[in-house]
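Everything below concerns the one structure shown next.
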Amino acid sequence: MDAKLFFSGFYRLYDYWEMLVLISIFVVLINSLYSLVIRKKLTFFDLRIILFSLILNYIFFVIGLFIYLSNIILLYNNSKHLTIIKQDYFLLQITPHLFNLFAAILINVGWSLQKVSKNDLKKSIRIFVFFLLSFLILIRKYI
């Protein structure tokens, strides 16, 4: 199997997973905004959506980190110093993966703070603020 073919699948998986993460965070934002406006109590279903989005974001970070590290390993193990893709490609820089990690940490902080809070309005505000910040971080390359 050719390495370029193998890693092209991972690049497509990374792109599709990024869209899945952005959609899941957007759904959480809409849900928490609805909870804020209507002042409804957060249900177990709402919390499951939030947790699902958190898990998707961590998997997204791991996929990106795998792409970055595998290309570095192939660069240094290759005698011709050929990479899988061009060096100016965005995924080979460390900054998008650090931004993904920062967004995952923000989502994790929002999840932890809403678990501590007893008031449903505070829970919705915390979820909305932290997920909005992480959404803005992840959507930065599309703006």
Side-chain angles (χ1 to χ4, degrees), residues 1-37 40 42-143:
M1 177 187 273
D2 189 24
K4 289 185 180 186
L5 178 66
F6 179 71
F7 285 105
S8 69
F10 276 102
Y11 299 136
R12 278 186 291 182
L13 176 67
Y14 182 84
D15 289 337
Y16 292 147
W17 207 272
E18 183 177 19
M19 286 300 130
L20 187 63
V21 165
L22 289 174
I23 290 170
S24 70
I25 291 175
F26 186 72
V27 167
V28 170
L29 284 174
I30 296 298
N31 191 19
S32 63
L33 189 63
Y34 176 75
S35 297
L36 281 172
V37 171
K40 79 171 184 110
L42 286 176
T43 62
F44 286 116
F45 181 71
D46 299 332
L47 298 176
R48 298 291 186 257
I49 292 173
I50 296 166
L51 187 61
F52 182 70
S53 180
L54 174 69
I55 292 168
L56 286 178
N57 202 346
Y58 275 117
I59 293 172
F60 175 60
F61 170 69
V62 169
I63 292 170
L65 196 62
F66 173 75
I67 290 172
Y68 178 74
L69 293 176
S70 62
N71 198 34
I72 287 179
I73 289 170
L74 287 174
L75 175 67
Y76 289 113
N77 285 339
N78 195 350
S79 61
K80 298 176 187 174
H81 294 292
L82 298 175
T83 57
I84 297 300
I85 55 176
K86 293 185 228 171
Q87 287 297 330
D88 59 348
Y89 193 69
F90 188 62
L91 284 179
L92 295 181
Q93 301 167 358
I94 192 67
T95 53
H97 308 295
L98 290 177
F99 282 133
N100 295 347
L101 177 64
F102 189 60
I105 288 171
L106 278 174
I107 290 175
N108 200 7
V109 167
W111 170 257
S112 299
L113 287 178
Q114 71 85 21
K115 283 192 330 186
V116 173
S117 179
K118 301 294 182 202
N119 188 357
D120 285 323
L121 183 63
K122 280 187 179 181
K123 284 183 178 187
S124 296
I125 289 172
R126 288 176 179 171
I127 289 170
F128 182 75
V129 167
F130 283 101
F131 274 77
L132 181 65
L133 290 174
S134 64
F135 185 74
L136 292 175
I137 288 172
L138 288 177
I139 206 163
R140 78 202 175 284
K141 72 178 182 181
Y142 297 113
I143 297 175

Run the side-chain contact (heavy atoms from CB on, under 4.5 Å) check on Leu138 and Asn57 step by step: do they pass? CA-CA 10 Å; Leu138 288 177; Asn57 202 346; 4.1 Å; yes
So which atom in [X] and which in [Y] form the shortest heavy-atom distance, rounded to 0.1 Å?
| X | Y | result |
| --- | --- | --- |
| Val21 | Leu56 | CG2-O, 3.5 Å |
| Phe135 | Leu22 | CE1-O, 3.6 Å |
| Arg126 | Leu113 | NH1-O, 3.2 Å |
| Leu121 | Leu36 | CD1-CD2, 3.6 Å |

Which value, rounded to the nearest 0.5 Å, describes the distance between [X] atom [atom1] and [Y] atom [atom2]?
| X | Y | atom1 | atom2 | value |
| --- | --- | --- | --- | --- |
| Thr43 | Asp120 | OG1 | CG | 10.0 Å |
| Leu54 | Ile50 | CG | CD1 | 10.0 Å |
| Ile63 | Glu18 | CD1 | CD | 11.0 Å |
| Phe52 | Ile49 | CZ | CD1 | 10.0 Å |
| Leu106 | Leu132 | CG | CG | 10.5 Å |
| Thr95 | Tyr68 | OG1 | OH | 9.0 Å |

Decide yes or no on side-chain contact (heavy atoms from CB on, under 4.5 Å) for Leu13 and Tyr16, but give the supporting numbers first. CA-CA 5 Å; Leu13 176 67; Tyr16 292 147; 5.6 Å; no
Report yes if some heavy atom in the side chain of [X] is under 4.5 Å from a heavy atom in the side chain of [Y]; otherwise report no.
| X | Y | result |
| --- | --- | --- |
| Ile127 | Leu42 | yes |
| Tyr58 | Asn108 | yes |
| Ser32 | Lys123 | no |
| Leu47 | Gln114 | yes |
| Ile25 | Ile107 | yes |

Can you classify the ring geometry of His97 versus Tyr14 as parallel (below 30°), tilted (30 to 60°) or perpendicular (above 60°)?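 The rings of His97 and Tyr14 stand perpendicular, inter-plane angle above 60°.
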Could you tell me whether a side-chain N or O of Ser134 sits under 3.5 Å from a main-chain N or O of Phe131, the two making a donor and an acceptor?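 Looks like yes, one N/O pair under 3.5 Å.
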Step through the shown structure and confirm whether more than 12 heavy atoms of other residues, nucleotides or ligands are within 6.0 Å of CZ on Phe102.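 Counting neighbours around CZ of Phe102, 12 or fewer heavy atoms of other residues, nucleotides or ligands fall under 6.0 Å, so no.
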Should we say atom NZ of Lys40 is surrounded by more than 12 heavy atoms from elsewhere, each under 6.0 Å from it?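 Atom NZ in Lys40 is crowded, with more than 12 foreign heavy atoms closer than 6.0 Å.
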